[in-house]
Amino acid sequence: MTTTQEISLQTEPFVLNMGPLHPSTHGVYRMRVTLDGEVVLDIEPMFGYLHRGIEKLMEERTYTGCIPLTDRLDYASAMGNNLAYCVAVEKLAKIRVPERGEYIRVITAEMIRIANHCLAVGSMLNDAGALGTPFFYLWNEREKLYDLFEMLCGQRVLHNYIRIGGVSQDLPDEFLPALEKFVPQLHKFINEFEFFLKQNEILIARAQGVGVLPKDVALNCGISGPLARASGIKRDLRKDDPYSVYDRFEFDIPTAENGDCYDRYRVRMEEMKQSLHIIDQAIKKVPGGPFRAKVPQIIRPPAGEAYGHIEGPKGELGFYLVSDNSIAPYRCHIRSTSFINLTALRQMVKGWKIADLIVIFGSIDITMGEVDR
Amino acid sequence: MTTALSAKEIVSKLSAEFPDAVKEAGADSVLVKSASLPAVTEYLKTADGLKFDYINYITAIDYYDYFEVVYMMTSTEYNRSVTLKTRCETRNRPTVPSLAGIYQGADWQEREVYDLMGITFKGHPNMKRVFLWEGFDGHPLRKDWNK
Amino acid sequence: MNAVSYAAQAVPADWPGGYWWHWLFYTVVIIVFVLVMVMGAIYIERRGMGRMQLRYGPNRTGPFGLLQPVADALKVLLKENIVPNVADKIVHWLAPVIAFTPVLLIFAVIPFQNGALLTDLNIGILFIVAVSSISTVGVFMAGWGSGNKYSLLGAMRNVAAVVSYEIPMVLAIIGVVIFTGSLSTGAIVDAQDIPFILVQPLGFLIFFIAASAEINRSPFDLMEADSELTAGFHTEYSGMKFAMFYLVEYAEAIAMSAIITTIFLSGWRGPWLPPWLWFIIKTIIVFFVMVWTRATLPRVRIDQLMALAWKFLFPAAVINLFVSAIEVLVWPDISQWIFVGVNIAVAVIAIGVGTKMFKPGWGKVAV
Amino acid sequence: MEIDENKEYIYDSYQLDCDEGKIIEQMKASTKKSIPDPADWIDADLKRNIVLTSLDWVIDWARRSSLWTAICYPACCGMEWMATLAPRFDGSRFGMEIMRASPRQADLLITAGTLTWKMAPNVRRIYNQMAEPKWVIAMGACGISGGIFRSGYNVVPGYNKIIPVDVYVPGCPPRPEALLYGIQQLQKKIGRAKAVPDLSELPNPLNELPNPLKKDKKK
């Protein structure tokens, strides 16, 4: 307090606790928000409300037994986690995956990317106050993808499909025709959906220029995925560090310049189209042969360490495994995309309104299971 | 393809700047003395031809005798990666200098390591527990921790 | 509804029973009308939004889910009433009452059909404008009395919205009043040989937007923005008090639809069908448009809400008023159909120019 | 808080964290047994009540046909819960598409996901904030017993350690059909309730949470 009498209106910032059970925290995220009226002065993110100790649990399980745990990390895109973990184990144990297995992996990974972006875009629009309609439209498409996943592995959400050395079972006969029918239909839907939202003045007012993430900050924070690409960082592990058979496909990396919420939304929509393009190519090229290498149920990789990473739907998802030549990983560290992508949230929201905080947070696209692990 | 910079290459580059920073060179990782870690990282981040501007992950491993803290950095410009390691020998309040001033991405990851492994990062602006609550007994990812 | 409305036809304003009988009768009619219409509105909204979202909406409770609002109402009324420890008890208790009463008062001057209204005030429109903003006091009391930060934020937003939107709303109404030369609602309906939505298209749009903002219908539903403020000003309300607020929300929507019907859609006038039915049909159509916008549009931000009122609606309303005044002053005797064409052109130009020049909000604040 | 160094704030974020930690530890120490199904401990009291058949029927009908859900979707089961409300499975048919973000206005708590000790005080608080009558569906293996994470150091083995649960829906995660079946079972259960029991006289197995506000007043 200054000693001189101030004539101007005295205002005082107040602290608002958001979460852990708040409608738009995508799970159990919590923020301590310091507000001056409607303006966000500062936020203090708090995690751990879904900290289940997955890294510790993995140390008690066999390498194959860990796969169900990876499903439950980022439950919005379970297949991606399976893939990242298996890539890491294969790197550690030097296992080669047969061609057919790789193609099936690519198809499923791109499918889950579409499913994840459906959820991400839908929930961002929901946070912007669109009261469910776009969310439900996108969820309807996601539901169709669930059908295809169910055909593959019998599970809708947590697939547990990709295994060390390949996939758990071969494609059913009716899968590829069904997928082939689904791709053009989804393409049509995406175009239609974009048409609806392109001219929406309120969405543009709410998202364009909001929550700008500059390129250098994004890089310094270690941000990856659509969030980084919307800020102009043209980095995609599918191109830069090709795993699986991604080097055989032709696709673009959509990027944007401004790094605002609207660009993130647009990048995600473009990525869905590119994923469809990859699926289109992969369907035509799926080779015959075994879908899985001959890998025993219980493997003992040689002592050492390996870091395997993939371009997951949310960004770089990596598993750092240390082996001591026993049947369980000695240490498994999960480089979780959501956790690191949240690092920049504080810089992004400062000075915006509380309503923008929600939209910016939604546009980052996180899953709490992956943040807290 | 992100190629890992071989240990030999890093050592040759580092030895000119920091003669006694490197303790040991593994196959594709370099063990650095913990005291010189910030200087080495700063150099790797800014030096021409290196530019490791993106931090992939920070983690720690408990080997009973010592803790190993692992850093992986990638250069988005040259598409190369490097893995640095450092060790702290003591089990009671092990300390490593913080990189939060150099990479913002290190901020929360160091807090996570502190929370789960109990390694304090010196110079970190906000060294608090991140996942578990204040007052949680011990650090669960240590090998000798049990309920 | 039928019996009541036929009775209303049989009961003119100068009923021989005297003033008090008339008063009692219309009080009952208004309360029944509001409650039944609110039930219908909830049903229409939930089913309508369901269909717009590729769903069915409630269809298990009663035939076609018609009893869903009844079940909701019964359940909510029977729920436990919680008063928070830190709440200001009296203010917390009084808030829903103060929010609810003005909504009923609005219907006092709304003609259900020719001459069938509680009282044909010669300042009817002024009465509506004055009374409709009292609800805000109740909402603010709820926000303050709950002792909850979300509630307070929601209430502050509502006060800000009402204070700003009252001005374009009144200016839009004055455009109509210039043409009719009377503030009485009955006279306004009588004057609408052409519905004023055609004569005053810009005024209608401004009024519709301002009304939506004032009663917090989407895209201006900031005061109970679910995704930001959990439930806004009624976060701490449960049981019967919450039911009151829920009632107010829909009753206000119905009231605004009824006002729009009266002022812009020629009220009860229409061919073939009985006048009261026309009134109800038009009200429901206006309400349906509100549901439609709710299902399709995202929410605006608070600064954008303010900017829309002051930078766009206010100048547009002044232009509208100016044009209308000139028309009435210079050509008092020519057919209104000429004005229809002129005013639609004015509206198109004003909106076109306005959207080019108008920049919503100022975005980031330096912290 | 780093807003203005000249001003002192009541909220010191580290102190708040420590308070939270204490509450969690207290809760961890106090929950040894699981709380039984509320139907079991309310039953004795029911017999004393006057039976009002028609009125009961109407009240039960109203309650079971408009179950508004509170928001509690910590983990994976949340996906399937969203699917339950989404177009294909359409929970709105049962009149439950209204999700009340404020627990005061909600009737049903669907616990879709793993419960951790850090989260446990919040969930009980949400439950305590809900107005009577209220019901809980434990969704998924984690909600019932801790599931795959049961041996984790931060996982509560089942929601019934914290709050009384009415219906258990198994699965990891349960399909939307299973959840809808669980909801129908709950509706049946509500339909069986004979009268409004007076809950104030009952031995309530829920312990009150320590209230940080009260503690401050004493100081």
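It should be emphasised that the depicted structure is a prediction, and the values quoted were computed from it without experimental measurement. Within every chain, numbering begins at 1; the chains are lettered A, B, ... in the order of the sequence lines, protein sequences first and strands thereafter.
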Under 4.5 Å, heavy atom to heavy atom, which residues of residues 86-98 of chain B contact chain D?
none
Do you know which two heavy atoms are closest between Trp133(B) and Glu25(D), and how far apart they sit?
NE1-OE2, 2.8 Å
Would you list the atom pairs, donor with acceptor, under 3.5 Å between side chains in residues 171-181 of chain D and any protein atom, with sequence neighbours excluded?
unit_1    : atom_1 : unit_2    : atom_2 : d
Arg175(D) : NE     : Glu177(D) : OE1    : 3.2
Arg175(D) : NH1    : Glu150(A) : OE2    : 2.6
Arg175(D) : NH2    : Glu177(D) : OE2    : 3.3
Tyr181(D) : OH     : Gln185(D) : NE2    : 3.1

Give a yes or no on whether Asp144(B) atom CG has more than 12 heavy-atom contacts from other residues, nucleotides or ligands under 6.0 Å away.
yes
From CG (Leu132(B)) to CH2 (Trp117(D)), nearest 0.5 Å
13.5 Å
Between Phe136(B) and Lys28(D) the two heavy atoms that sit nearest each other are CE1-NZ, 4.4 Å
Would you mind writing out the side-chain donor-acceptor pairs for residues 67-80 of chain D within the sub-3.5 Å range, not counting sequence neighbours?
unit_1   : atom_1 : unit_2    : atom_2 : d
Tyr73(D) : OH     : Pro23(A)  : O      : 3.1
Glu80(D) : OE1    : Arg156(A) : NH2    : 3.1
Glu80(D) : OE2    : Arg156(A) : NE     : 2.9

Toward chain D: residues of residues 103-128 of chain B with heavy atoms under 4.5 Å
Leu116(B), Lys128(B)
